[in-house]
Amino acid sequence: MTYNILYFDGTSSKMHTALLQISAFKWEITYTEESNHSKTIFWETATIKKTNVHTVNFVSFSYGESFPFQRIESTDTALIAHLNTLKNSDLDKLDILLHTNKRKSFIYLLTAILGIAIGMYFYVIPAVTNSFITNLNNKSVEGLGNFVFKVLSIDLEIDAKKTKKLQNFADAIQIESSFPIEVYVAKNTEINAFALSGGKIVVYTGLLEKIENESQLLALIGHEISHIEERHVLKNVTRNLSGAIFISVLFGDISGINTVLAENAHLFSQLSFTRSLEKEADIYGLKIMKNNKVDLNGMSELFKILKKETPFNIPTYLSNHPMLKDRIEYTQKIAKEQGSISENTLLKEKWDALKTTFTNIETAHE
Amino acid sequence: MSKTKKYRIFDTQLTKKPMEIIANTNTEEKRFKYFGAGLEFAIIYFKNILLTIITIGLYYPWAKVELLKYHYQSTALDNSRFSFHATGKEVFKGFIKIYAILIALYAFLIYASQTQDLTLITTATILFYVFLLLLIPLAIHGSVRYRASRSSWKGIHFKYLGDRKELFLLFIKGLFLTIITLGIYSPWLQVDLRKYVLRNLRFGNVSFRFKGSGGQLLWITVKFILLIYITLGIYGFWYYKNIIKFYVDNLEISQNGKPVNFKCNIKTKDIVELLVVNFFLLIFTLGLAAPWVTVRTFKVILRFIIIEEGLDTENIQQVSYDDYDDATGDDFMDFLDFDLL
């Protein structure tokens, strides 16, 4: 059986219409030269190199140990069909299979991509990042927190006096922490506080001056300590980052619009993850409060203060914290189970000392 | 030995005989044709995405090579297809090198930022960007040389003869002028780089030249800036056409000292049709039509590119081969999202 091919000798661009005959160890190429002489060239099978990507209507091969390389190309479907029956590598076999029923293959490929992508995004990536952060040694966690704090501290106006008093309060908390807890009070009217990985907590004066008693303050500090203990910041960041990288790798090549859609979907899923971490910190914070024998209602009172100060409520699905209403409800429920408590005098004393720094300022203002 | 001799004989024959006398010439106007098909390319495209995901990205170099190979082999001129000979292994090696360099750079940057010394941080950041910038001309050199070495048509290989140092200096000069002119020099820099690259590109015994000027490119850009907002973006179609025509119409190819021009006859309406349909295809399929869009784009653009009469495509002689297997530059261009094609 002979096949129609085009032959190039590698020294000039002259195109020869030729016939190809395939046998076990060699390919025989025959064409007619300008002088009307027929010329036959032999290619040894072992040296032939396929140069095309598998499709159903085109093949090309090059030949030669060294330069210049000869070349043949063909659109002869009989040749392509014959080549498909020869010994092929697994990847070649996959190609042949994929191109036999293109529509079906397209559907299968899409389903496989979607399935694997979902599995990676929802199971593999969270599991890997979570175990990575959990197994990271304390020193690295502190190092990362210190690094972030260095960057942030440029914009923070730390109140040394209040910081000292709040640190005294934190030191009086009974807790087995794997990180040294360092608290900072920053001058800022915003109602906010945050924790950094490795033990640093920053509380804004705006929030601190709204707090009424030691159990509310312990609720706040306890919540932040929970974030530190559970390495929430790092878990959040690594998961966010790895998810975002995965999405951009997956969608980056497809099109800009879809990347935007996918990134937004990722943002939503990330917000839901952050909320779950917040809830975890609330519950863990209550445990710290219970161990320190303070009134658990401090937590829900703290949320009530926040609720009063927040001008509008963002729907849960758009927020990185659970709705305050929900938080008040579930923390109150836990607080109800608490029996009678005696006053934690040590914490109260430290709280009172801290409170004076505020009243002093207020008088100074007046 | 005998081969070199053969070329020499051919050269002397040419100097003695005027072009017209050579028999069997094949010098009529040439058009490109793209044979790619949407569904066929979609299978190759999604297969490669799947393999890339499964291997957590390690397959990417092989995927990139296969997609490029497909476009090359789907492009025909004078009834013969182009061929891309790169291998995933070569591109993978380049990737390892590029990532080693980038990781070292980032490590340096992170180390500097840990010290809390502001001058050191600033110096490190500036050095980081300067270094990335200086890598660009080296990457262009490596990329063009690699791609040229791995591209062939009718068995004849492309070859890049450019000098890394010359290109580097050209880039530095242009970059300096671009900075002190607040970007106005940028079109000249782009054109100078293109002129240099094409002047040093060979296809067998055929050479190239870029005739465009920085002034022309600046004018295209100025028109774009002036009109794009007034026309609410509609001028973008004209700009796109101007840019394509600028790059194609100014391309000249020379065979035995005889210049032949490239021409692109694309009309604005063709661009409008191409881009609007592409846009809707992507929107309504949530991007799944990407392979169809790529195929359409190649089909349309290549359909309008003509090599004017005069190039004898049956008589191009292979000269020598540059077995350049270092894809590092090409990978860096990929990292920066630049594509030479």
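Lettering follows sequence order; numbering is per chain, from 1. Scope of the values below: all heavy atoms of this structure, side chains included, with no hydrogens, waters or symmetry mates.
For B:Y34, the OH atom is densely surrounded, since the number of other residues' heavy atoms within 6.0 Å is greater than 12. More than 12 heavy atoms of other residues, nucleotides or ligands sit less than 6.0 Å from atom NZ of B:K299. Under a cut-off of 6.0 angstrom, the local environment of CD in A:E33 is crowded, with over 12 non-hydrogen atoms contributed by other residues, nucleotides or ligands. Around NZ of A:K50, the count of heavy atoms belonging to other residues, nucleotides or ligands within 6.0 Å exceeds 12. In this structure, A:F42 places its CZ atom where more than 12 heavy-atom neighbours from other residues, nucleotides or ligands lie under 6.0 Å away. A:N138 CG: more than 12 foreign heavy atoms inside a 6.0 Å radius.
Inspection of the B:R81 and A:S60 side chains reveals no N or O donor paired with an N or O acceptor under 3.5 Å. Looking only at atom types and distance, the side chain of B:Q318 has no donor-acceptor partner in the side chain of A:S12 under 3.5 Å away.
Between B:N79 and A:E73, the shortest heavy-atom distance links the atoms O-OE2, 4.0 Å. Scanning both residues, B:I156 and A:S13, for their nearest heavy atoms gives CD1-N, 3.6 Å. Contact between B:F46 and A:I113 at its shortest, heavy atoms only, is O-CD1, 3.4 Å. A pairwise comparison of heavy atoms in A:M120 and B:I53 identifies CE-O, 4.1 Å as the closest pair. Contact record, A:I116 with B:I54: CD1-CG1, 3.8 Å, taken as the closest heavy-atom pair.
B:F35 has its ring centre no less than 6.0 Å from the ring centre of A:F58.
With a 4.5 angstrom heavy-atom cutoff, B:F82 touches chain A only via backbone atoms. In this structure, no portion of A:V151 lies under 4.5 Å from any heavy atom of chain B. For chain A, the nearby parts of B:S80 are the backbone and the side chain; heavy atoms of each come within less than 4.5 Å. With a 4.5 Å cut-off on non-hydrogen atoms, A:I72 does not touch chain B at all. The part of A:L6 that comes within reach of chain B is its side chain, from C-beta onward, which places non-hydrogen atoms under 4.5 angstrom from that chain. For chain B, the nearby parts of A:L98 are the backbone and the side chain; heavy atoms of each come within less than 4.5 Å.
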Show your working on side-chain contact (heavy atoms from CB on, under 4.5 Å) between B:Y70 and A:T55 and close with a plain yes or no. CA-CA 9 Å; B:Y70 180 79; A:T55 62; 3.6 Å; yes

Please lay out, stage by stage, how A:R71 and B:S83 fare under the test side-chain hydrogen bond (donor to acceptor under 3.5 Å, both in side chains). CA-CA 10 Å; A:R71 171 184 170 86; B:S83 220; 2.9 Å; yes

Please lay out, stage by stage, how B:K47 and A:D95 fare under the test side-chain contact (heavy atoms from CB on, under 4.5 Å). CA-CA 9 Å; B:K47 178 195 88 177; A:D95 281 331; 2.6 Å; yes

I would like to know whether A:T51 and B:H85 meet side-chain contact (heavy atoms from CB on, under 4.5 Å); could you show each step before the answer? CA-CA 7 Å; A:T51 52; B:H85 305 272; 3.8 Å; yes

Show the numbers, then the answer: is there a side-chain contact (heavy atoms from CB on, under 4.5 Å) between B:E40 and A:V56? CA-CA 9 Å; B:E40 183 176 83; A:V56 289; 4.2 Å; yes

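Rounding to the nearest 0.5 Å gives a distance of 12.5 Å between CD1 of B:I316 and OG1 of A:T11. Expressed to the nearest 0.5 Å, how far NZ of A:K14 lies from CG of B:D312 amounts to 9.0 Å.
A heavy-atom distance below 4.5 Å is not found between the side chains of B:K69 and A:N52.
Highest contact tally toward chain B, considering only A:Y7, A:F106, A:F8, A:F69, is held by A:F8 [criterion: heavy-atom pairs under 4.5 Å].
At distances below 3.5 Å, not a single donor-acceptor pair connects side-chain atoms of B:E66 with backbone N or O atoms of A:V53.
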